[in-house]
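These numbers come from a predicted model, not from an experiment.
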Amino acid sequence: MKKINRWLWAVLGIIFSFSSAMMLIGGRFSLENFYDQGEVCEIVGMDLELEGTNLLYLNPSDTFFTITDDLAVKDYIFYENKWNYLLFEISDLSVSALPAFISYFDENGTVKAEQQITFTEGWNVMEPIEKKFTFARLSFLNCKGEHLRIRSALTRSELGKFSGKIFVFYSGVFLLLYCIMSIVVVYCFRKYHKNRKKRHSHWWMDFYLHILEMIYSKMQRIPVVNLSKKTRQYLRIFCILTEILYTTAAVNADRMKAWYPMSMGFHILFLLVLSVLLVEPVRKKVHWNTKLCYIWGILCITMCISDFVVGRVFIGVGYVFLFVFGVFYYCWRQMERPTQLLKETGIAVQISFVFILLFCLLCRPPVEGIRYAGCYINPNPFGRYLISVFVVVFVQLEYLIRKRSLTWKKGILFGIEIDVLCYFLWQSQCRGAMFAFVLLVLAVFIRFIKIRILASVIRDYLRVILISAVCLFPVMYTVEWGLYHIPYFLGTQVYWKKDALYAKEMNLFLNPFVEQVYASASRILETLRRRSLDSVSSGRITYWKAYLRNMNLWGHEFRCQVNGGSHSAHNMFLDIAYRYGVAVAGVYIVFWGTFIKEVCSKLSLRHPYSFMAAGCVISYVGMALLDTLEQPWVYFAWVLAYMSLGYYLLRTDTIKENERLHEKKMFHN
């Protein structure tokens with residue numbers, strides 16, 4: 001606990017010092033714009049070919065240019081006009097100064113205005129003389145043989161006042177003041193405790209538990225609690241299936257911003273109903289993991305403060321975390337076996353996968369050259385769902401092997417399911433999901449080493465792996481043949497607006513922006529051959545830079561403007577830092593660091609379904625590092641990760657005692 005306190009206090013001190021220094025440099029004293037340096041929007045550099053009124057996307061070229069003709073041009077497309085300055089970062093310039101012209105075009109390709117500039121090494125700042133235009137053309141006249149590299153092309157609503165020396169000086173002064181203040185607070189706190197006979201360091205947790213116990217006592221009077229264990233088990237599985245269906249429909253509707261109040265109401269109801277179904281007639285004492293609960297409570301409070309200071313789209317998350325999830329976690333702890341809910345979640349996920357597989361085979365044919373999105377309009381949510389199924393398959397396989405009940409028939413079914421999942425995952429080409437899969441496999445190996453798995457168990461695993469290897473190509477060929485033929489043969493294709501299949505039916509693939517969103521299945525291999533880190537990351541570096549430039553203390557309403565439009569951060573830490581502010585981001589980083597440490601330390605727990613909670617958390621973090629999953633109530637992976645948090649809020653010795661009693665009971669049976 002002392003280490004957590006020190007790390008949290010140190011992170012908050014660094015954030016406070018840096019933020020205060022940036023505030024003084026930028027002259028921003030508003031909480032909503034604590035140290036913004038003006039809105040930053042990356043420009044998309046493209047080669048364009050004009051044909052009538054359409055802009056046809058050809059191929060992007062490298063940022064290094066050699067001028068081979070007397071007249072050479074380079075076009076940059078704009079989506080919105082929210083800037084006052086254009087900034088070009090030039091390097092590798094063959095001359096000291098290179099003259100150029102900028103022509104401003106409208107959407108019809110008509111020249112609106114022209115402006116002459118001179119490029120020099122480093123940053124070149126200019127004010128566009130035309131404020132309303134669609135794209136700009138850089139023209140180099142009579143500069144044959146010269147070369148240059150355009151490293152960055154940016155826009156700003158205003159110029160920043162950043163100075164490195166002043167920033168270091170102000171940061172050091174504020175950090176020194178923060179350290180002095182911290183020493184005084186610690187001294188007063190220790191002196192106060194010396195004069196107290198009884199310590200109350202965890203009084204807030206006792207008070208919070210008292211509130212939950214009062215709610216729990218009321219919930220025991222609900223008639224549903226008196227149902228049989230079997231009936232409540234079926235109802236819990238049905239609740240989780242409903243959650244999977246709702247998140248799938250919500251993502252495909254693509255209106256989460258407008259439907260967020262309704263979505264929050266549905267999920268609060270979902271968690272409360274699940275909490276009622278978790279209540280056991282026999283009450284027992286709950287022993288909490290104080291370290292994790294402590295940092296979780298601080299995160300909830302800071303999120304509540306951020307919601308109070310700055311209005312935003314996804315509001316009220318801190319309140320829901322603190323109270324609704326708190327009730328859910330407390331009721332979960334009251335179960336005879338906490339792993340029971342994890343087992344029921346695995347059953348619900350497996351049932352949903354059977355229906356989704358049938359739906360894909362009957363209604364969702366692939367589009368040639370386009371990433372496969374399954375039952376979703378976007379391949380990324382489909383890849384995230386597949387990782388959840390992978391976690392369940394690994395856990396159920398270990399459960400059957402440990403019980404010595406894995407027959408050849410079940411082994412073949414598991415092998416075929418793994419092959420189908422691998423095929424869908426590769427066709428989705430979801431980078432975050434693939435990275436999460438690698439982390440998941442590493443976690444499985446680490447778990448085997450920690451629990452010193454028996455040779456007989458390894459032999460059963462190798463048997464399933466062998467079955468998967470033998471059936472891999474026949475299964476993939478069969479599934480691919482079914483996807484390409486069955487929906488067209490039956491005429492049962494199902495598509496939604498903004499869907500790749502919808503774009504094909506409506507002949508929308510001439511639109512350049514559709515091709516940018518739905519990349520080809522071989523894009524990952526192609527981008528690995530390029531030198532650009534931004535190409536390898538599928539443009540994520542551009543998003544990360546824009547989000548880093550626009551952070552403030554307490555956050556923003558929704559998303560950052562990138563490439564002239566509103567785009568997600570593709571990284572959950574940057575998303576929280578931008579949406580909730582750097583003050584919350586510091587606590588958020590410490591929270592997830594503590595959470596991951598708890599998960600890794602508990603990989604040695606022997607009950608197979610204890611790994612399901614770990615797998616959900618590890619895969620979630622892996623995906624969230626490359627995708628924006630920290631959007632409440634949108635993705636099922638988000639729900640699974642935060643539901644799994646409840647498993648680790650229980651103290652380790654209590655979890656091991658529950659496992660020991662359960663294994664003893666299974667042995668006697």
Side-chain angles (χ1 to χ4, degrees), residues 22 25-27 36-48 60-105 111-168 530-535 539 541-542 544-546 548-550 561-564:
M22 290 295 289
I25 293 173
D36 282 356
Q37 293 296 299
E39 183 178 4
V40 177
C41 170
E42 303 282 356
I43 304 175
V44 180
M46 293 183 178
D47 293 324
L48 302 176
S61 60
D62 188 28
T63 59
F64 185 83
F65 306 104
T66 299
I67 301 174
T68 58
D69 298 318
D70 290 335
L71 177 61
V73 297
K74 177 68 177 176
D75 293 338
Y76 289 91
I77 192 168
F78 293 77
Y79 299 104
E80 293 181 9
N81 301 110
K82 293 184 177 180
W83 43 78
N84 298 316
Y85 300 95
L86 298 181
L87 291 83
F88 293 93
E89 186 182 7
I90 306 298
S91 66
D92 301 324
L93 193 59
S94 58
V95 292
S96 59
L98 187 67
F101 292 89
I102 293 185
S103 303
Y104 302 100
F105 291 79
V111 178
K112 301 284 291 183
E114 290 185 342
Q115 185 176 4
Q116 184 176 2
I117 60 173
T118 301
F119 282 140
T120 58
E121 195 81 13
W123 284 101
N124 297 264
V125 182
M126 55 167 293
E127 299 183 33
I129 60 176
E130 176 62 36
K131 298 300 182 183
K132 295 182 179 180
F133 56 92
T134 302
F135 69 95
R137 170 170 292 172
L138 280 179
S139 303
F140 302 95
L141 184 62
N142 298 324
C143 298
K144 186 176 180 180
E146 307 296 346
H147 59 79
L148 75 158
R149 183 186 299 274
I150 303 180
R151 303 184 65 88
S152 301
L154 312 176
T155 64
R156 284 189 183 274
S157 59
E158 59 184 76
L159 294 178
K161 304 174 183 177
F162 182 79
S163 172
K165 293 182 179 179
I166 300 177
F167 174 72
V168 172
R530 302 177 185 173
R531 295 181 179 180
S532 173
L533 183 61
D534 195 55
S535 299
I541 301 297
T542 298
W544 295 346
K545 289 191 296 183
L548 283 170
R549 291 189 186 103
N550 285 274
Q561 292 285 325
V562 187
N563 290 341

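Between F119 and F88, the two ring planes are perpendicular [angle over 60°; tilted spans 30° to 60°].
Of all heavy-atom pairs between Q115 and E127, the closest is NE2-O, 3.0 Å. The two residues C143 and P99 make their nearest non-hydrogen contact at SG-O, 4.1 Å.
With sequence neighbours excluded, no residue forms a side chain to side chain donor-acceptor pair (under 3.5 Å) with T118.
Atom OG of S103 sits about 13.5 Å away from atom NZ of K112, to the nearest 0.5 Å. Rounding to the nearest 0.5 Å places CD1 of I117 at 4.0 Å from CD1 of I102.
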Between L93 and L98, is the side-chain contact (heavy atoms from CB on, under 4.5 Å) condition met? List the steps. CA-CA 8 Å; L93 193 59; L98 187 67; 4.0 Å; yes
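Side chain of S94 to backbone of E146: no donor-acceptor contact under 3.5 angstrom is found. With Q116 contributing its side chain and A100 its backbone, the two residues share no donor-acceptor pair below 3.5 Å.
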